[in-house]
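Bear in mind the structure is a predicted one, so any value in this text is a computation, not a measurement. Below, all heavy atoms of this structure are taken into account, side chains as well, without hydrogens, waters or symmetry copies.
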Amino acid sequence: FPGALEMMALRLLEQEPAHGYALVQRIKQVSNDMLQVEEGSLYPALQRLLKAKLLTAQWGVSATNRKVRIYRITTAGRKHLAAEVSSFEQMLKGINLVLAGGDA
């Protein structure tokens, strides 16, 4: 759903700064391989978050000695994440009610 990738990236970056490829791998790992994010989808999402000032980025070096952009969540990003998670949880409650046929 719209915003899911950004929400997952913010949540993982809330735990620790990371570069894009590490985020792709972490999403795959944390979801028990149920979610496979393409780098071609992640990088535009990271750019949107940077533009909205929900992330910052600086150049660094990866564990394999490659030049990478390290992303960090901002205070505004933490607030945005909290609001998005709350909204998502409300939407999920509504979906569950509908799927239960109104019996929940």
Side-chain angles (χ1 to χ4, degrees):
F1 69 92
L5 184 55
E6 287 89 345
M7 194 169 25
M8 290 187 295
L10 287 170
R11 174 64 80 206
L12 293 174
L13 291 169
E14 187 177 48
Q15 296 169 2
E16 66 179 326
H19 56 85
Y21 182 74
L23 284 172
V24 166
Q25 295 304 308
R26 188 78 177 122
I27 290 169
K28 184 178 175 184
Q29 175 191 17
V30 170
S31 72
N32 293 327
D33 293 330
M34 292 176 66
L35 300 175
Q36 307 242 348
V37 174
E38 299 293 327
E39 290 178 64
S41 298
L42 179 66
Y43 287 109
L46 292 172
Q47 290 305 309
R48 288 190 296 274
L49 293 169
L50 282 168
K51 188 174 182 179
K53 300 198 183 315
L54 303 177
L55 295 180
T56 60
Q58 65 185 59
W59 290 103
V61 179
S62 72
T64 58
N65 207 29
R66 294 179 62 155
K67 188 176 177 184
V68 292
R69 210 163 177 200
I70 307 293
Y71 298 92
R72 287 179 172 74
I73 191 169
T74 63
T75 300
R78 290 179 197 284
K79 290 178 185 174
H80 178 79
L81 176 61
E84 289 296 308
V85 168
S86 177
S87 177
F88 173 75
E89 288 171 343
Q90 288 299 319
M91 181 183 66
L92 195 55
K93 282 182 189 177
I95 290 170
N96 282 331
L97 287 170
V98 171
L99 293 178
D103 296 331

* Donor on one side chain, acceptor on other, Tyr43 and Gln47, under 3.5 Å -> no
* With the side chain counted from C-beta on, respond yes when Leu10 and Leu55 share a heavy-atom pair under 4.5 Å apart, and no when they do not. => yes
* Residue pair Arg66 / Val61, side-chain heavy-atom distance below 4.5 Å -> no
Return the [atom1] to [atom2] distance between [X] and [Y], rounded to the nearest 0.5 Å.
{"X": "Glu6", "Y": "Glu84", "atom1": "CD", "atom2": "CD", "answer": "9.0 Å"}
{"X": "Gln25", "Y": "His19", "atom1": "CD", "atom2": "NE2", "answer": "9.5 Å"}
{"X": "Leu35", "Y": "Lys28", "atom1": "CG", "atom2": "NZ", "answer": "11.5 Å"}
{"X": "Leu23", "Y": "Met8", "atom1": "CG", "atom2": "CE", "answer": "10.5 Å"}
{"X": "Ile27", "Y": "Gln36", "atom1": "CD1", "atom2": "CD", "answer": "11.0 Å"}
{"X": "Glu16", "Y": "Ile70", "atom1": "CD", "atom2": "CD1", "answer": "10.0 Å"}

Same cluster for [X] and [Y] if Ile/Leu/Val/Met/Phe/Trp/Tyr side chains link at under 4.5 Å?
{"X": "Leu12", "Y": "Leu49", "result": "yes"}
{"X": "Leu5", "Y": "Leu92", "result": "yes"}
{"X": "Trp59", "Y": "Leu46", "result": "no"}
{"X": "Ile95", "Y": "Val85", "result": "yes"}

Closest approach of [X] and [Y], non-hydrogen atoms and distance?
{"X": "Glu14", "Y": "Ile73", "answer": "CA-CG2, 3.8 Å"}
{"X": "Glu39", "Y": "Pro44", "answer": "O-CD, 4.2 Å"}
{"X": "Ala18", "Y": "Leu13", "answer": "N-CD2, 3.5 Å"}
{"X": "Arg69", "Y": "Ala57", "answer": "NE-CB, 3.5 Å"}
{"X": "Ala76", "Y": "Lys53", "answer": "CB-O, 4.0 Å"}
{"X": "Ala9", "Y": "Leu42", "answer": "CB-CD1, 4.4 Å"}

* Check: Val68 main-chain N/O paired with Ser62 side-chain donor or acceptor under 3.5 Å -> no
* Where the side chain of Ser41 meets the backbone of Val37, is there a donor-acceptor pair that is under 3.5 Å apart? -> no
* Asked: CD of Gln15: more than 12 outside heavy atoms within 6.0 angstrom?
  -> yes
